[in-house]
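Below: the structure, in structure tokens.
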There are 2 protein chains.
Amino acid sequence: MNKHTATSADVAALAGVSQSTVSRSFDPNSRISVATRQRVFEAAEQLGYQINKAAQTMIKKRSDLVGLVTAGLEDPFRSEFLHKLIIEVQNCGLRPMVMDVSDRETIDEELHGLIQYQLSGVIITSGTPSENIGKAFIRHGIPVVLVNRTEHSDEADIVNLDNEGAGEMAAKAFIESGKTNLVVVRSKKPSFSSVMRVKGFLNYLAPFLSGDKVNATEVLCDAGNYDSGYQIADKILTSQHKPDGIFFCMDHIACGFLDSAKRLVSPNEMSAIGVIGCDDIALASFRAYDLTTIRQSSSEIARASVETLLNRLQSPTSAPSKQAIPVELVYRSTLAKPQRTNIE
Amino acid sequence: MNKHTATSADVAALAGVSQSTVSRSFDPNSRISVATRQRVFEAAEQLGYQINKAAQTMIKKRSDLVGLVTAGLEDPFRSEFLHKLIIEVQNCGLRPMVMDVSDRETIDEELHGLIQYQLSGVIITSGTPSENIGKAFIRHGIPVVLVNRTEHSDEADIVNLDNEGAGEMAAKAFIESGKTNLVVVRSKKPSFSSVMRVKGFLNYLAPFLSGDKVNATEVLCDAGNYDSGYQIADKILTSQHKPDGIFFCMDHIACGFLDSAKRLVSPNEMSAIGVIGCDDIALASFRAYDLTTIRQSSSEIARASVETLLNRLQSPTSAPSKQAIPVELVYRSTLAKPQRTNIE
DNA sequence: TGTTGTTGTTCATACGTATGCACAACTCTT
DNA sequence: AAGAGTTGTGCATACGTATGAACAACAACA
């Protein structure tokens, strides 16, 4: 009806109260008589009043936006994680502002722009911000949560997957299944996750390796995707001594490998080779792959990340927290669950 | 250093100019002497000045946020599309504010909340907003772009895939390959896309059907995902007269079907059955499926959507636009490209 | 020299909300 | 009945930016 948007002053006029009374009516903690509040709500309804977030932000010095910094969304695992984060953020009455920092050299300058929005917080799931940028956010009173980052910032809260544990778990599963000739595959470009996964894998194996009963090789593939897995199969399956257990740091690579393997070796031979992936992406459970893998509950990480942020908002001065989300081995057909032995 | 964030007034004081001069220095279209601007920039740099978006929004009555309304991000196609949208929005110097309206009955109330942010625009890719909500945005001066929605709003700009064309294309491909016993599968719950795809499919076939040489059946599956495709295979492949051509309205369903089919019929028999999917998701090109499908370029749609929004911002009063993005048939192994015949 | 135009800057104000303070009208307590 | 506490409301102001209007300095032109 009216050409311009209704303001709290318009509502006040219609309800016959002051503007401050309108403002307080929308604050549950304010002392407002039931009758007045009722009248204000009716007037607001009638005018289609919507609060002006910009004005609110200016006063409160804090918007209800949360910056979600991500990269590489073409990876479905990341993409799924972003989805979960969005949901979690929404459920807290906050709004997700997404920022994709793919193919940027330094994400610092990009991140700097976020300070302008007086965000309630920033959750960084990709890219490696410099020490400085972290401090810049803190100085501006914007809490930062680092997810699965290598940063050892002493001011930001940190939520990590138990990547090292995932590697150990894979190694243990192979040993329990009696596999002795092991390979671990990760993308050439080192990421925090994959490096830690390999580390855990090799650490667990260390005692066995020295006994010479088991050996393990690290193989690098081009990238963290299906195609790289497809390619690397040639190298792995045509070597003189084929492995009988392969741990892939990402499910995608494993799936590419599996498809490629069908070309190269017989189903029978393939069934003797144990394969474990990591992440438990949707694809892994498809019948075409049915991949044994290490599940990282993206819901769990998302929940923990947002919860951490909320905690920080409530107690801004408490010491930075740091937690590792546990992982879980999901047996499927590429490595069968061994019969219970006394190896534990 | 300073405990509070620097404002334009602080910069002005340091540079020895007025606040308005600082403001104008950051506006390329303002007349400011080179020397002054230089001095202002230096002062800003020194103080780590960041413009306050909330204050700016209040004055300009428009933020640089764009609302991206989506749902069902567990579907990788949607998720990929969101990714593309985010990139496009960022490239225009705008910020994407994502809103997931999954599992909400009416998205209207959710959308209403967006009005508070004085968005530069809203791109709606999921859910079906009521006529009213569209009008509400328009009234508040917020342009709306509907992507692949059934809405016939006469105030919003519309970007559609050529869904009907996709259906026709699939039908034509089957006919050209000499397939006569056709099935088209879509999710039980009617979505705009799938309904139009089926419509196009059947429309193209109409003349052949009347000649009795070809027949076509519509089959509904539970949902638009892998598992539903897996399930529906039983129904389709165990019927008395098996089809020799199946068009799935979504690649996911097709992939589920293909995996399931391996259980039910021999590879030889399967090779006689043509399968066409729709969307060309990443999965479709995996060797495990190698699915012939109809490609919807998500980049193309994303680009067109954002471009449409920008056009609207430049000329707010011009008539609403409407465009259909063309699709493309990608031959892979589930339906081979027929030898050139004179059917055209 | 007076008129007109151009350039660069400042002043003052508006945007819409939240909130400390003051205060009036009650309710309780003694 | 008088002082003390409680409840509900209004006044006034601050937040940080953009921008129209005014103006000063200077150049161009007659």
Side-chain angles (χ1 to χ4, degrees), chain A residues 2-41 43-44 47-65 113 115-120 140-141, chain B residues 2-41 43-44 47-65 113 115-120 140-141:
Chain A
N2 231 335
K3 76 203 74 177
H4 80 303
T5 305
T7 72
S8 57
D10 298 332
V11 175
L14 180 59
V17 297
S18 72
Q19 179 269 327
S20 38
T21 298
V22 173
S23 176
R24 282 192 243 267
S25 294
F26 287 99
D27 174 5
N29 299 322
S30 274
R31 308 177 310 193
I32 291 286
S33 73
V34 191
T36 306
R37 184 170 262 145
Q38 174 71 10
R39 207 142 33 89
V40 168
F41 282 177
L47 295 176
Y49 169 68
Q50 295 282 348
I51 205 172
N52 182 321
K53 287 288 183 183
Q56 190 178 56
T57 298
M58 200 143 101
I59 290 292
K60 294 199 165 183
K61 297 185 174 303
R62 167 151 294 163
S63 73
D64 52 6
L65 296 173
I115 293 178
Q116 307 175 329
Y117 294 88
Q118 303 182 269
L119 304 171
S120 277
H140 287 266
Chain B
N2 231 334
K3 75 203 75 178
H4 80 303
T5 305
T7 73
S8 57
D10 298 332
V11 175
L14 181 59
V17 297
S18 72
Q19 179 270 326
S20 37
T21 297
V22 173
S23 177
R24 281 191 237 270
S25 293
F26 287 99
D27 174 3
N29 299 324
S30 275
R31 309 177 308 193
I32 291 286
S33 72
V34 192
T36 306
R37 184 169 263 146
Q38 173 71 10
R39 207 141 35 89
V40 168
F41 282 177
L47 296 176
Y49 169 68
Q50 294 283 347
I51 204 170
N52 181 320
K53 288 288 184 185
Q56 189 178 55
T57 298
M58 198 144 101
I59 291 291
K60 294 200 165 182
K61 296 183 174 307
R62 169 151 292 163
S63 72
D64 51 5
L65 295 173
I115 293 178
Q116 307 175 329
Y117 295 87
Q118 304 182 268
L119 304 171
S120 277
H140 287 266

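As the structure is a prediction and not an experimental result, all values here were calculated from the model. Every chain is numbered from 1, with letters handed out A, B, ... down the list of sequences.
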Quiz prompt | Pair D64(A)-Y117(B), side chain to side chain contact (heavy atoms under 4.5 Å, CB included): steps then yes or no | solution = CA-CA 10 Å; D64(A) 52 6; Y117(B) 295 87; 2.8 Å; yes

Practice problem: Rounded to the nearest angstrom, tell me the gap between atom CD in Q116(A) and atom P in dA18(D). | Solution: 11 Å

Practice problem: To the nearest 0.5 angstrom, please state how far the CZ atom of F41(B) sits from the OG atom of S25(B). | Solution: 6.0 Å

Quiz item: At what distance, to the nearest 0.5 angstrom, does CZ of R39(A) lie from OG of S33(A)?
Solution: 7.5 Å

Exercise. Residues of residues 30-37 of chain A with any non-hydrogen atom less than 4.0 angstrom from an atom of DNA chain D: list those, numerically ordered, please.
Key: R31(A), I32(A), S33(A), T36(A)

Self-check item: Given DNA chain C, 5'-ward residue of the pair R24(A) and K61(B), judged by closest heavy atom
Solution: K61(B)

Quiz item: Side chain of S30(B), backbone of I32(B): donor and acceptor closer than 3.5 Å?
Solution: no

Quiz prompt | Spacing of N52(A) atom CG relative to dA18(C) atom C1', expressed in whole Å | solution = 13 Å

Exercise. Look at the side chain of R62(A) and the backbone N and O of S120(A), then say whether any donor-acceptor pair between them is shorter than 3.5 Å.
Key: no

Quiz item: Looking only at side-chain N and O atoms, does Q56(B) come under 4.0 Å of OP1 or OP2 in dG16(D)?
Solution: no

Exercise. Can you measure from CZ (R24(A)) to OG (S18(A)) and round to the nearest 0.5 angstrom?
Key: 7.5 Å

Quiz prompt | Length of the CD-C1' vector between Q50(B) and dC15(D), whole Å | solution = 18 Å

Practice problem: Taking only heavy atoms on the protein side, list every residue of residues 13-23 of chain A lying under 4.0 Å from any atom of DNA chain C, sorted numerically. | Solution: Q19(A), S20(A), S23(A)

Quiz prompt | Spacing of Y117(A) atom OH relative to dG16(D) atom C1', expressed in whole Å | solution = 16 Å

Quiz item: With T5(A), which of Q118(B), H140(B), Q116(B) fulfils side chain to side chain donor-acceptor pair (under 3.5 Å)?
Solution: H140(B)

Quiz prompt | Axial bend angle, the helix from dT1(C)-dA30(D) to dT30(C)-dA1(D): five-pair end segments, nearest 10° | solution = 40°

Quiz item: Can you name the one residue among Q56(B), M58(B), K53(B) that meets side-chain contact (heavy atoms from CB on, under 4.5 Å) with M58(A)?
Solution: M58(B)

Quiz item: To the nearest Å, how far apart are N29(A) CG and dT7(D) C1'?
Solution: 16 Å

Practice problem: Of all the heavy-atom pairs spanning V22(A) and F26(A), show the shortest one and how long it is. | Solution: O-CD1, 3.3 Å

Quiz item: Rounded to whole angstroms, how far apart are CG on D27(A) and P on dG20(C)?
Solution: 11 Å

Quiz prompt | From dT17(D), dG16(D), dT17(C), nucleotide with atom closest to S8(A) side chain | solution = dT17(C)

Quiz item: Once you round to the nearest 0.5 Å, how far does CG of L65(A) lie from OG1 of T57(A)?
Solution: 7.0 Å

Quiz prompt | I115(B) versus Q50(A), closest heavy-atom pair with distance | solution = CG2-CG, 4.0 Å

Quiz prompt | Integer-rounded Å distance: dC15(C) P and K60(B) NZ | solution = 17 Å

Exercise. Please work out if F26(A) contacts a base, only the sugar-phosphate, or nothing of the nucleic acid, heavy-atom cut-off 4.0 Å.
Key: nothing

Exercise. Rounded to the nearest angstrom, tell me the gap between atom CD1 in I51(A) and atom P in dT19(C).
Key: 11 Å

Quiz item: Roughly how far, to the nearest 0.5 Å, is CD1 of I59(B) from CG of N52(B)?
Solution: 11.0 Å

